[in-house]
Amino acid sequence: MKVVLVGVGQAGGKVATALAEFDAEMGFDAVRGALAVNTAEADLRSLPIDTLLIGQSRVNGHGVGGDNELAASLMDEDATEVLDALSGRITAEAEAIFVVAGLGGGTGSGGAPVLVRELRRVHDVPVYALGVLPSREEGALYQVNAGRSLKTVVREADATLLVDNDAWRAADDSVGSGYDRINRKLARRVGLVLAAGEATGEDGRDVPESVVDTSEVIQTLRAGGIAAVGYASATAAPEAEENISAVMSTTRKAVMTGLSLPEATEADAALLVAAGEPDRIPRKGVERARRWLEEETGSAAVRGGDFPLSSDRIAAIVLLGGVERSARVETFLERAREAARETDELEQERSDPAAAFDNEDLDGLF
Ligand SMILES: Nc1nc2c(ncn2[C@@H]2O[C@H](COP(=O)(O)OP(=O)(O)OP(=O)(O)O)[C@@H](O)[C@H]2O)c(=O)[nH]1
C-alpha cells in the first residue's frame, strides 16, 4: 500500500519518522511521503522528515501544553496550509493517508481528528488514523484527552489503528525511556502491514496468487472503527512442511500476546499475512492458522496472503478490523471516563460497550 504519513504532535512526528526509516531500511518503498506537523517548534527541530509549524500566530511556536481543544482550533485555522504542504506529496499513486498521533497529549490529540476530517474532504483515498493510547501509568489529563480524541477520530477516520503504549513496552522500560524501543517495534509491525501488497515478483515474474494484495488491507480496514495489529516471528526450517506448526504458533502469539491493543480479539474482519521465504511458507499451515483466526476473532471475513521476504525467519502479521466492541477498548474508555470524573468533566456513565461511541459519556472534541 503506497501511503503518505502525517505525524501530528511530538509522538506523531517521531512515530512517522520511525515508520519512514523502517520502510527505507527495508527498501519497501511503501512510504511515499512523510510530514511532521506541530505547534511546538522545538519538537520539530530534530526530525529528519519534512516539517510544518502551525498555530504560530497564537502560540508562537511554544506548543499547546496539553490543551487539545486549543490544538483542534489551531489545526482548524491552519488546515489549508497543511493541506497545501501535503498536496505535492499526495500524488495519484498514493493509496491511503495515515495521520499519526499520540492521543494523550495536546497537539496530536486535538489536531489529528481535525486534520483527518479535512483530508477526507479533499482526497478520495482512505484516510486512516494511527493513534497511540497513553500508558495506564500516565496522568488523568492524558487519559481524558485520549478518550475524547479517540471518540472523535474514530468518527472522522476511515479506520483508526490503535497502539496502546503499554502493549509493547518491555517490563523494565519506564514510559519515557521506552519510547524509542516502542517506536521501533511499532514501525516494524505497522510498517509490514503498509508494505504488504508492495511485494513484486522476482526478476519481473508475475506475483504468485498467494501474495497478499493492498486491497486486502483496505478491505480489512473497511469495517471502520478501531483496528489493531499483531506480530510474532520464529526461526523457519528450510522446508515448508516443517513450518506448519511455526505458522500456527506465531499466529496465536501475534494475537494472544503480540497485539497493539492487548486482548482486542473480537473483530469484524481480519487479515493474516505470512511473511518469509516463499519456499518455506506452508500452505497447509496458513490455512489452519486462518481457520483458528476465524474462531478466535468471531469474524467470518478472514483474509490471508503471503509477504515474500528474504529471511531465515517466518512471521505472522495479523490485522484486525472493527475491534471496538472488545473488552480492551471498553477498559480504556472506562479509564478515560474515570479520569474525566476525577477532573469533574463527567455527569453520567453507561455500560454498553458497543454504544460507547454514540453516547455522551465522554465528550467528543467537536
Ligand atoms: N509510542 C510513543 N508514544 C509517545 C512518544 N512521545 C510521546 N508519547 C505519548 O504521547 C502522549 C503525549 O503526546 P505528545 O505527542 O508528546 O504531545 P503533543 O501532541 O506534542 O502535545 P503538546 O506537547 O501538548 O503540544 C503521551 O501519552 C505519551 O505517552 C513516542 O515517541 N512514542
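As the structure lists them, so they are numbered: ligands from 1, and atoms in each ligand from 1. All values below come from the heavy atoms of this structure, side chains included, with hydrogens, waters and symmetry mates left out. Fair warning: this is a prediction, and the values are worked out from it, not measured in the lab.
The 12-atom threshold is exceeded at CZ of R283, counting heavy atoms of other residues, nucleotides or ligands nearer than 6.0 Å. Applying the 6.0 Å contact sphere to CD of E295 captures no more than 12 heavy atoms from other residues, nucleotides or ligands. The local environment of CZ in F332 is crowded, with over 12 non-hydrogen atoms from other residues, nucleotides or ligands closer than 6.0 Å.
Under the 4.0 angstrom criterion for non-hydrogen atoms, G65 is in contact with ligand 1. In this structure, G66 is part of the shell of residues with a heavy atom less than 4.0 angstrom from ligand 1.
Side-chain contact check for E138 versus N165: some heavy-atom pair is nearer than 4.5 Å. Taking the side chain as every heavy atom from C-beta outward, V273 and L319 never approach each other to under 4.5 Å. You'll find the side chain of R155 reaches within 4.5 Å of the side chain of T152, heavy atoms only. Side-chain contact between Y128 and L161 is absent, with no heavy-atom pair separated by less than 4.5 Å.
Below 3.5 Å of separation, one finds no N or O of N38 facing any N or O of ligand 1. Ligand 1 has no nitrogen or oxygen under 3.5 angstrom from a nitrogen or oxygen of Y142. At under 3.5 Å, a nitrogen or oxygen of N165, whether backbone or side chain, sits near a nitrogen or oxygen of ligand 1. On a distance-only criterion, G9 and ligand 1 share no N/O pair closer than 3.5 Å. The shortest N or O to N or O distance between A11 and ligand 1 is below 3.5 Å.
Of all the atoms in ligand 1, the ones that sit under 4.0 Å from a non-hydrogen atom of G108 are 19 (O). Near V64, the atoms of ligand 1 lying under 4.0 angstrom from a non-hydrogen atom of the residue are 24 (O), 25 (O). Atoms of ligand 1 lying under 4.0 Å from any heavy atom of V132, numbered from 1 in the order shown and given with element: 1 (N), 3 (N). Atom numbering of ligand 1 starts at 1 in the shown order; those under 4.0 Å from a heavy atom of K14 are 6 (N), 30 (C), 31 (O). Those atoms of ligand 1 with a heavy atom of P134 less than 4.0 angstrom away are 27 (O).
Considering each of D164, I182, N183, the one bringing a non-hydrogen atom nearest atom 2 (C) of ligand 1 is N183.
Using a cut-off of 4.0 Å between Lys/Arg side-chain N and Asp/Glu carboxylate O, E118 and R121 are scored as salt-bridged. Ion pairing of D213 with R303 is absent here, as no side-chain N (NZ or NE/NH1/NH2) approaches a carboxylate O to less than 4.0 Å.
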